[in-house]
Amino acid sequence: MGNTRAARGALVMVFAQVVSLQAGAAVAKGAYGDVSPTALAGMRLGFAALVLWCVVRPRLALLTAARWRAAVGLGVVFAAMNTAYFQAIGHLPLGVAATLELLGPLMLALALSRSLAQLCAGLLALAGVLLLAAPGGALPVAGLVSGALAAVCRAAYVVLNRRVGRLFPDWSGLTVALAVGALLLVPVGAVTDGAAVARHPAVLGTGLLVALLSSLIPYCLDLLALRRVGVRAFGVLLALGPAVGAAVGFAALGERLSGPQCGAVGLVVAACAWAVWSGSGGPAPGPADCPAECPADCPADGPADRPADRPAEQGPAGPRACRVHDGAMTRTRGSAR
């Protein structure tokens, strides 16, 4: 029962995240005539970091080295991912850009699987990408390259955000990561587009709205969802992205996809749906579902939540580490957690 409730909650969160993210991308793309994608990406991270820092007020002195490494790594990915995706939507329709970005989490999910069905799902997604990049598809190379880079960053984001969610019991990790990303990207945007922002100061309001829709709301929902489901399950739930992106692009920006482009989006979405249907990975077990012999790894009692003075459980052969990964539990004796 706990697993089912967590999975349903995660599904709602991921859907809300996808809608918010695509709506923010549409708002940002509508302002490209005033400032560059890089400047909007910088405003997105800058405003998001400022708002969350004022709300959370992280205590930096209490952060351990491991937490610093995770938060800084996620911040670097934030900067690269925002820049790449905003560049991609400057060249591509939202539905196509979302399709390319989705390939990162999908390939990550497939890499964590060894079944033939998952391999077939990966080949189906690859067919969709080849259809998008086929000669005569009228898609610029710059957009495809930016979309591919965004996909790589998105995969890294899924892994690092899950790690931050496990290491930090509150929102401090996400706050620090957004601040790091803003420190990397805001100065670049100020140098390249400072004069343009001065000529169009209203764009700052657009940047704040983009920060709310594309960063604060999605990232917070991601962090909550990744505490309830594994990396594989989260990756395939993002299959909603291309369809929502195409719908938002059509409704807000009047973007129309060609027949081959619609077919490519459909192939990638079908690949994700196939991966969900055939995959054995489900939501991470809840507290009632973890084995009694492995309490240290229950999601509700993980490394981020366990008091520092409470050691991992000792077994007859010494310290025992239990790892829960997408519903599968592996026990390793004789090694510390």
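Values in this document were obtained by computation on a predicted structure and should not be read as measured data.
A distance of 10.5 Å separates CD of Gln87 from CG of Leu40, quoted to the nearest 0.5 Å. In this structure, CG on Leu174 lies 10.0 Å from CG on Leu224, to the nearest 0.5 angstrom. Atom CZ of Phe47 is separated from atom CG of Leu52 by 15.0 Å, given to the nearest 0.5 angstrom. Arg163 CZ to Leu74 CG: the interatomic distance, rounded to the nearest 0.5 Å, is 11.5 Å. Expressed to the nearest 0.5 Å, how far CG of Leu139 lies from NE2 of His91 amounts to 11.5 Å. Taking CG of Leu216 as the start and CG of Leu45 as the end, the distance is 10.0 Å to the nearest 0.5 Å.
With hydrogens and angles disregarded, a donor-acceptor distance shorter than 3.5 Å links the side chain of Asn82 to the backbone of Phe78. A distance-only check finds a donor-acceptor pair linking the side chain of Lys29 to the backbone of Ile89 [under 3.5 Å]. Proximity of a side-chain donor or acceptor of Ser146 to a complementary backbone N or O of Ala142 within less than 3.5 Å is detected. At distances below 3.5 Å, not a single donor-acceptor pair connects side-chain atoms of Asp193 with backbone N or O atoms of Val35. Arg67 places a side-chain N or O within 3.5 Å of a backbone atom of Leu167 that can act as its donor or acceptor partner.
Geometric assessment of Arg256 against the ring of Phe250 yields a negative cation-pi assignment under the 6.0 Å and 45° thresholds.
Using a 4.5 Å cut-off between side-chain heavy atoms of Ile, Leu, Val, Met, Phe, Trp and Tyr, with links allowed through other members, Val12 and Ile217 fall into different hydrophobic clusters. Residues Leu149 and Val158 do not share a hydrophobic cluster, defined by chaining ILVMFWY side chains whose heavy atoms lie under 4.5 Å apart. No continuous path of ILVMFWY side-chain contacts below 4.5 Å connects Val186 to Val188, so the two sit in separate hydrophobic clusters. Hydrophobic clustering (ILVMFWY, side-chain heavy atoms < 4.5 Å, transitive): Leu212 and Leu21 are in distinct clusters. Leu183 is not connected to Leu160 by any chain of hydrophobic side-chain contacts under 4.5 Å among Ile, Leu, Val, Met, Phe, Trp and Tyr, and they are in different clusters.
Residues Glu101 and Ala150 come closest through the heavy atom pair CG-O, 3.9 Å. Across every non-hydrogen atom of Ala79 and Gly181, the tightest pair is CB-O, 4.0 Å. Between Ala246 and Leu257, the shortest heavy-atom contact is CB-CD1, 4.0 Å. Shortest non-hydrogen contact noted between Leu100 and Gly143 is CD1-O, 4.3 Å. When all heavy atoms of Ala225 and Val14 are compared, the closest pair comes out as CB-CG2, 4.1 Å. Minimum interatomic distance between Ala48 and Ala211 (heavy atoms only, all atoms of both residues): N-CB, 3.7 Å.
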Report task. Under the side-chain contact (heavy atoms from CB on, under 4.5 Å) rule, what do Val176 and Phe168 come out as? Steps first, then yes or no, please. Result -> CA-CA 11 Å; Val176 172; Phe168 291 83; 5.6 Å; no
Report task. Evaluate the side-chain contact (heavy atoms from CB on, under 4.5 Å) criterion for residues Leu178 and Trp53: first the C-alpha distance (whole Å), next the side-chain angles of each, then the deciding distance (0.1 Å), finally the verdict. Result -> CA-CA 9 Å; Leu178 283 172; Trp53 195 282; over 6 Å; no
Report task. Just do the side-chain contact (heavy atoms from CB on, under 4.5 Å) check on Val210 and Phe86 with the steps written out, would you? Result -> CA-CA 11 Å; Val210 170; Phe86 272 30; 3.8 Å; yes
Query - From CA spacing to verdict: side-chain contact (heavy atoms from CB on, under 4.5 Å), Met43, Thr206 - result: CA-CA 9 Å; Met43 282 188 275; Thr206 302; over 6 Å; no
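Ser20 has its side chain out of reach of Leu221: every pair of non-hydrogen atoms, C-beta onward, lies at least 4.5 Å apart. Annotation: side chain of Trp68 is in contact with side chain of Leu60 (closest heavy-atom distance under 4.5 Å). Side-chain atoms of Glu255 and Leu94, non-hydrogen and from C-beta on, do get closer than 4.5 Å to each other.
In the hydrophobic clustering (ILVMFWY side chains linked at under 4.5 Å, chained through shared members), Val145 is joined by Val141.
Side chain to side chain, Arg44 and Ser214 fail the donor-acceptor criterion of an N or O pair below 3.5 Å.
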